[in-house]
Amino acid sequence: MKSQKVGTNRLFRFLCIGLIALILCSYALHRYHTQKKVELAYQQTAYALGLLSDNLNKGFSQMGHLNQFEQTKRKIYKH
């Protein structure tokens with residue numbers, strides 16, 4: 001009777017250890033995937049802001065041409 005109880009206790013311990021290991025692995029895997037999603041969101045945001053910056057810089061460079069056009073137009077219409 002005593003050996004059956006010892007065997008049951010040992011099985012219970014191994015099951016508990018396995019369950020704890022499974023929970024820890026699941027938690028680590030969840031954190032890993034969450035971190036990857038955060039990194040991907042950061043990269044996509046940085047890319048989008050880079051595109052916005054490029055387009056704004058192109059627009060601002062064209063503003064110089066517009067100012068020159070406006071000054072030339074004023075000179076022509078004054079005379």
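The analysis underlying the following values was restricted to heavy atoms, covering all of them including side chains, and did not include hydrogens, waters or symmetry mates.
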Suppose the criterion is salt bridge (Lys or Arg N to Asp or Glu O under 4.0 Å): which pairs have a residue in residues 59-73, not counting sequence neighbours?
Glu70-Lys73, Glu70-Arg74
For residues 16-33, which residue pairs qualify under salt bridge (Lys or Arg N to Asp or Glu O under 4.0 Å), counting only residues two or more places apart or in two chains?
none
What is the distance from atom OG1 of Thr34 to atom CG of Leu29, rounded to the nearest 0.5 Å?
9.5 Å
dist His30:NE2 -> Cys25:SG (nearest 0.5 Å) comes out at 14.5 Å
Output, in order, the C-alpha distance, side-chain angles, deciding distance and verdict of side-chain contact (heavy atoms from CB on, under 4.5 Å) for Leu15 and Leu19.
CA-CA 6 Å; Leu15 287 176; Leu19 183 60; over 6 Å; no
For the side chain of Thr45 and the backbone of Ala41, is there at least one donor-acceptor N/O pair under 3.5 Å apart?
yes
Does Tyr32 share a hydrophobic cluster with Leu40, counting links as ILVMFWY side-chain heavy atoms below 4.5 Å and allowing steps through other members?
no
